[in-house]
Amino acid sequence: VTETALLLFWPALAGYAEAAVAYAGDTVRPGRLVRYAIWGVRLGWLAQTALLVAQAASADGFPWGTWAGSLNLFVWMCVGVYLIWGCRAPFRLLGLVVMPLAAVLLVLAWAAGGVGEPAGSQFGDVFLAFHVGLILAAFAAFTLAAALAALYLWQERRLKQRTPGVLRLRSPSLETLDQLTGRTVAVALPALTVGVGIGLARLESEGAAFDAIMGLTLLTWVVYAAFLVLRWEAGWRGRRTAYLALAGFLLVVLVRVVLTPFVHF
Amino acid sequence: MPLVLVGTSYQRAPVELRELLAYDPDLRRDALGRLSTDGAEAAVLSTCNRTEVYGVNPEPRELEERIYGELAGLSGLSHSELAPALYTVTDEAAAVHLFRVAAGLDSMVPGEAQILGQVREAYEAAREKKTAGPTLHRLFRQALRVGKRVRTETAIGENPASVSSAAAELAERVFENLEGRRILLLGAGKTADLTAANLISRGVGEIVVANRSTERAAALARRFGGRAVGLDAVEAELASTDVVVSSTSSQGFVLSAAQVARAMKERRGRPIFFIDIAVPRDVDPAVIELEGCYLYDIDDLERVVAESVAGRREEAVRAEAIVSEEADAFRAWQLSLDVVPAISSLRARAESIRREELERAEGRLASLSPTQRRAVEALTSQIVAKLLHQPTVRMKEAAAGADGVLYADAVRHLFGLGDDADPARKPRQ
């Protein structure tokens, strides 16, 4: 199974990397490479799905209980969420942000052993499935929200600077990007809330110690909660909320990639 | 049969002459009737930028003269007056010309979309009048396919080619669509008028017109189905406006950054898009510094259009490749026509031999049951089909090169098919 899983990792990585390169090429020659990019995303995601299924089939318990394993699952979720919008023509530029990130994180998961035979975990399967699954789903959605926010800022800058070629690259309107960022965060925050709640309940029942990751995750929750409150109550829109979404994403990166391997697992 | 095109376009004729050569649907129907009197194929493409008559006839010179006469009759001008403005193109070059026209490559603005519909109208008119024979059917269907391919496989038609459409597309980069949006027109200049019309065609909700002269504002508001206000009410209107189109003849700013800043406070983060077409400008350029405000003046818009048209020209190179590919396919089809009569004769001859032999063997086959008889029929048909398959394929392949007619003549000679071919046909060199 490990060999099969490893074999599936390569087409997944190849698909994501090809998509990242094709999206970059599409900015130079709009309309030519985007089809190859979209097929790269689809085929890569299917290969990674098969990889995860192979891992799940060979595992005794929850297969992605390690940091590297959960990173593998996180990449799959990010690309899955991206696939909802990414294949539509106006959103192709999102791929420019999401796909290189997905390829790099997948390599990281591979280097740390997250795409091979799953390791066992001392925690219960149901607990892990809900705790890890919900938090990763929320983080994947925050990643997409950050990509939408980055695209908003890029597009806004071009419109403000009155770049002559502003219409040559197709991209969603500022209004759409702003709304989608808001909706994505609005869907992701409850998932994060429940995921963190389950973790805290477990922490209390086990009598375990509170660590830095938990503190930072709560801070992330506060940033995204502020995002929604300011949006709904104070009428914050556009550039301000885009910066807030990116600030929240920095915390997500800190939690997921920088601190988690050393502190939480 | 030879294909002939006689026509004129904006590249050859000024608008005064093009007006004289324009066909409306009734005139076109009559012209098609006159052009096809001896069974010639005919189609007329008539737009504001071109009039082109396509015809197919064994005598191309005669057809060309007839088209000249038709155009002279329509315009009331003599042959010598018309001749400098007209071009005549024949055969493959005429096909390539129509493909380029359908692709928008021969248009004033490369990739212009309207022309494809006009080519379709020309084809439909010829079909209705039954003046489109095999060649024009094939030619126009293929031209329509070229037009569609160019628009789906290249980005030639994606970007705006005029200031008014660029302004509308820019507004759609801020708002997803303009349906239900509120537009404020400041002044009543010609370009603002065009821009407003473009925005209205994209479904804007309400139009408010503000002008120094309330009568002119009211007149323009009536035309667009909106309402008129005085210039003093502009700041109040900004709070609920999404797009401002400005074109007053004022010497100073009509909208200051301070006024816009005050309005933005009431908008709770909702963006606003300013299109300032006035010279001197109406909107203070400092407005661009305000969050949620986007401002394009006439120079900005012209730069966007220039970039967009340059992009279309780049895409035109890819479109030319599609035209060339389709022209090759058309040429291959035309050449294959040379061997079709020989193939038909060969098949007819083989079938007649099969029938004769079956009839001759009738006495010996009489004892067969109906099932056995059907089996014999099927068997003999299969033998004939298999024997003729390879020569048919080879002749069609050869038709695409220079040897098609040689092959056809050889087949006629070897099988004694008789002279069913065009006596004027000579092997191509």
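The sequence lines fix the lettering, A, B, ..., with proteins before strands; numbering per chain opens at 1.
When the shell of 6.0 Å around CD of B/E291 is examined, it contains more than 12 heavy atoms from other residues, nucleotides or ligands. Atom CH2 of A/W39 has 12 or fewer heavy atoms from other residues, nucleotides or ligands within 6.0 Å. Annotation for A/R157: atom CZ does not count as buried by contact number, only 12 or fewer foreign heavy atoms lying within 6.0 Å.
B/D300 and A/R162 get closest at one heavy-atom pair: OD2-CD, 3.0 Å. The shortest heavy-atom contact between A/V166 and B/Y296 is CG1-OH, 4.1 Å.
Heavy atoms of B/E172 lying under 4.5 Å from chain A belong exclusively to its backbone. For a residue to count as touching a neighbouring chain, one of its non-hydrogen atoms must lie under 4.5 Å from one of that chain's; by this rule B/E289 touches chain A with the backbone only. With a 4.5 angstrom heavy-atom cutoff, A/E156 touches chain B via backbone and side-chain atoms both.
Counting only distance, with no hydrogens or angles, the side chain of A/E175 and the backbone of B/E176 share a donor-acceptor pair below 3.5 Å. At least one donor-acceptor pair closer than 3.5 Å links the side chain of A/K160 to the backbone N or O of B/C293.
Put simply, CG on A/L167 and CD on B/E169 are 5.5 Å apart, with the number rounded to the nearest 0.5 Å.
Under the 4.5 Å side-chain criterion, counting only non-hydrogen atoms from C-beta, A/L174 is not in contact with B/R173.
Looking only at heavy-atom pairs under 4.5 Å with chain A, the residue among B/N177, B/L301, B/L170, B/V305 that has the most is B/L170.
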